[in-house]
Amino acid sequence: MLNTNELTAKVKQIRELKRMQEEIAAEIETLTDAVKAEMTERNTSEMVVDCFKVRWTPVTSSRLDTTALKRELPEIAEHYTKVSESKRFTIN
């Protein structure tokens, strides 16, 4: 079992790593946006850069509108609703 100091150190490390993760995610988004802007300017959805093939293509997906289903056919929505449980880990 961890003592209070060890546990505190781990929580601090988690928070620091999450902060770094957010910074890295923001940097990735900035770089991605720059590449997308270049692809838009070149009017292309695919290009080869050095040894990398970069694609930015539309993707179509179909999802069930559960809000409308619950509103219009609540009995059917309830019948096919599956409840699941999970745990959420947070540090404030």
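A quick note: this is a predicted structure, and the numbers were derived from the prediction, not measured.
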Side-chain atoms of residues 63-70: list all donor-acceptor pairs with protein atoms under 3.5 Å, sequence neighbours left out, distances to 0.1 Å.
| from | atom 1 | to | atom 2 | distance (Å) |
| --- | --- | --- | --- | --- |
| D65 | OD1 | T67 | N | 3.3 |
| D65 | OD1 | A68 | N | 3.1 |

Under 3.5 Å donor-acceptor pairs involving side-chain atoms of residues 24-46, not counting sequence neighbours:
| from | atom 1 | to | atom 2 | distance (Å) |
| --- | --- | --- | --- | --- |
| T30 | OG1 | A26 | O | 3.0 |
| T32 | OG1 | I28 | O | 2.8 |
| E38 | OE2 | R42 | NE | 2.7 |
| E38 | OE2 | R42 | NH2 | 3.4 |
| T40 | OG1 | K36 | O | 2.9 |
| T44 | OG1 | E46 | N | 3.2 |
| T44 | OG1 | E46 | O | 2.6 |
| E46 | OE1 | R55 | NE | 3.0 |

Distance-only donor-acceptor pairs under 3.5 Å for side chains of residues 80-92, two or more places apart:
| from | atom 1 | to | atom 2 | distance (Å) |
| --- | --- | --- | --- | --- |
| T81 | OG1 | A77 | O | 2.4 |

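With sequence neighbours excluded, no residue forms a side-chain hydrogen bond (donor to acceptor under 3.5 Å, both in side chains) with E78. Evaluation of the side-chain contact (heavy atoms from CB on, under 4.5 Å) rule for E6 yields L2, N3 as partners, not counting sequence neighbours. With sequence neighbours left out, the side-chain hydrogen bond (donor to acceptor under 3.5 Å, both in side chains) criterion links Q13 to no other residue. Listed by chain and number, the residues in a salt bridge (Lys or Arg N to Asp or Glu O under 4.0 Å) with E16 are R19 (sequence neighbours excluded).
Taking a 4.5 Å side-chain heavy-atom cut-off between Ile, Leu, Val, Met, Phe, Trp and Tyr, the cluster of M1 contains only that residue. Applying the under-4.5 Å side-chain rule to Ile, Leu, Val, Met, Phe, Trp and Tyr, the cluster around V48 consists of that residue alone.
A 4.5 Å side-chain heavy-atom check between Q21 and L17 finds every atom pair outside the cut-off.
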